[in-house]
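So the structure is just underneath, and the comments pick up after that.
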Amino acid sequence: MTRRGVEWLSAAADDPATCRTEWAADPRLPYALPAGRYFDVVVINQRLGIETFDQLLRRGMPMGPVMIDHRSQKMGFFLNSGWRDRFARFLARETDSPPPYKYLDGGSFVVVPGPMPLSGDRYQWLRAPVRRPEANPLRPAALAVMFLAAADLIARVDHYGEQYPTPAAVGAQIIEEEPADAR
């Protein structure tokens, strides 16, 4: 995380100076920040979150900071504050029943990783803030669309054996079809 990223993130704290002081003393230290002031956070389960993050990254779509909480197996995608309705509208355009998620905005708190977490830490950045994220109106659209596409992909993978034969079934069928002397 850059210094500008630390400044932007700590500015969301009730006492930004205390937040920066604590991070200067221990840059691994997680910190609880209020959502809704500088950012909102869409929280989804880790499996779906990893796939959503991967799809956003592969396609070069706009996204803000992304964090992971390994213990709760949740991921948080940061959006600009006040984008709850916009995000919900994009989801509603695509489906009547989106996968479960939580939208954290005013009145909510989120525990964020410190500026330099280590690989074994509970809270980590997959994409740390490097500066104040730009208010790109495509970010909530990209997140909503890739969130739903990732959910669809995972559902298809989970049901693969029901619709298509498994590799073991294909192998068994080939063995059965071969003449006995060819084995």
Side-chain angles (χ1 to χ4, degrees), residues 1-2 4-16 19 30-115 117 122-158:
M1 184 182 306
T2 64
R4 287 182 2 186
V6 170
E7 289 170 2
W8 171 76
L9 198 56
S10 64
D14 291 330
D15 185 353
C19 180
Y31 203 89
L33 296 174
R37 189 179 304 162
Y38 287 96
F39 56 81
D40 293 347
V41 182
V42 177
V43 179
I44 57 180
N45 76 57
Q46 183 175 330
R47 183 176 182 210
L48 181 53
I50 291 288
E51 188 61 41
T52 302
F53 177 75
D54 183 51
Q55 294 299 326
L56 287 165
L57 202 58
R58 280 186 196 196
R59 287 161 172 50
M61 296 181 128
M63 81 174 125
V66 179
M67 59 164 278
I68 188 167
D69 176 347
H70 291 287
R71 189 172 303 151
S72 71
Q73 297 186 342
K74 303 283 183 192
M75 288 181 58
F77 291 81
F78 286 61
L79 292 175
N80 290 71
S81 59
W83 281 4
R84 175 190 284 270
D85 293 337
R86 185 175 289 177
F87 180 72
R89 269 196 325 271
F90 287 123
L91 283 179
R93 282 182 173 171
E94 301 292 323
T95 184
D96 293 335
S97 57
Y101 72 94
K102 287 184 184 177
Y103 194 99
L104 304 178
D105 55 1
S108 302
F109 280 82
V110 62
V111 177
V112 299
R122 174 180 177 172
Y123 301 99
Q124 293 181 325
W125 292 107
L126 292 181
R127 183 181 168 120
V130 292
R131 65 184 184 291
R132 179 183 178 161
E134 296 173 10
N136 185 338
L138 296 178
R139 279 185 31 223
L143 179 57
V145 170
M146 287 300 108
F147 170 52
L148 296 174
D152 184 53
L153 179 65
I154 289 171
R156 291 180 70 193
V157 167
D158 287 349

Between [atom1] of [X] and [atom2] of [Y], what distance do you get to the nearest 0.5 Å?
| X | Y | atom1 | atom2 | value |
| --- | --- | --- | --- | --- |
| D152 | T95 | CG | OG1 | 9.5 Å |
| Q73 | I50 | CD | CD1 | 10.5 Å |
| R131 | W8 | CZ | CH2 | 11.0 Å |
| L126 | M67 | CG | CE | 9.5 Å |
| F90 | L143 | CZ | CG | 11.0 Å |
| M63 | L138 | CE | CG | 13.5 Å |

Open item on the list: Run M75 and V66 through side chain to side chain contact (heavy atoms under 4.5 Å, CB included) and show every step you take.
Closed with: CA-CA 7 Å; M75 288 181 58; V66 179; 3.7 Å; yes

Would you call [X] and [Y] a side-chain contact if the rule is heavy atoms closer than 4.5 Å?
| X | Y | result |
| --- | --- | --- |
| F77 | V41 | no |
| F39 | D105 | no |
| F147 | P99 | yes |
| V112 | P30 | no |
| P65 | R127 | no |

TODO: Return yes when atom CZ of R37 has more than 12 non-hydrogen atoms of other residues, nucleotides or ligands closer than 6.0 Å, and no otherwise.
DONE: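 Counting other residues, nucleotides and ligands, CZ of R37 exceeds 12 neighbours.
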
Task: Heavy atoms of other groups near R122 CZ, more than 12 under 6.0 Å - done: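 Counting neighbours around CZ of R122, more than 12 heavy atoms of other residues, nucleotides or ligands fall under 6.0 Å, so yes.
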
Task: Presence of salt bridge, D69 and K74, under 4.0 angstrom - done: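 Salt bridge: no.
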
TODO: Determine, for R58 against D54, whether the closest basic-nitrogen to carboxylate-oxygen distance falls under 4.0 angstrom.
DONE: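 Salt bridge: yes.
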
TODO: Evaluate side chain to side chain contact (heavy atoms under 4.5 Å, CB included) for L153 paired with Q55, printing each intermediate quantity in order.
DONE: CA-CA 11 Å; L153 179 65; Q55 294 299 326; 4.1 Å; yes

TODO: Say whether, by atom type as modelled, one donor and one acceptor occur between the side chain of D40 and the main chain of G82 under 3.5 angstrom.
DONE: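 A pair under 3.5 Å: yes.
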
Testing the basics here: between [X] and [Y], what is the closest heavy-atom pair and its distance to 0.1 Å?
| X | Y | result |
| --- | --- | --- |
| L9 | M1 | CD2-CE, 4.0 Å |
| L79 | R139 | CA-NH2, 3.3 Å |
| L48 | I154 | CA-CD1, 3.7 Å |
| A142 | L56 | O-CD2, 3.6 Å |
| D14 | P34 | OD1-CG, 3.9 Å |
| Y31 | D15 | OH-O, 4.4 Å |

Task: Intermediate values then yes/no, ring pair (Phe, Tyr, Trp, His ring centres under 6.0 Å), W125 and F78 - done: CA-CA 11 Å; W125 292 107; F78 286 61; 5.7 Å; yes

- [ ] Just do the ring pair (Phe, Tyr, Trp, His ring centres under 6.0 Å) check on Y101 and F87 with the steps written out, would you?
- [x] CA-CA 12 Å; Y101 72 94; F87 180 72; 5.5 Å; yes

- [ ] Answer yes if the ring centres of W83 and Y103 are under 6.0 angstrom apart, and no otherwise.
- [x]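 No; Y103 has its ring centre 6.0 Å or more from that of W83.
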
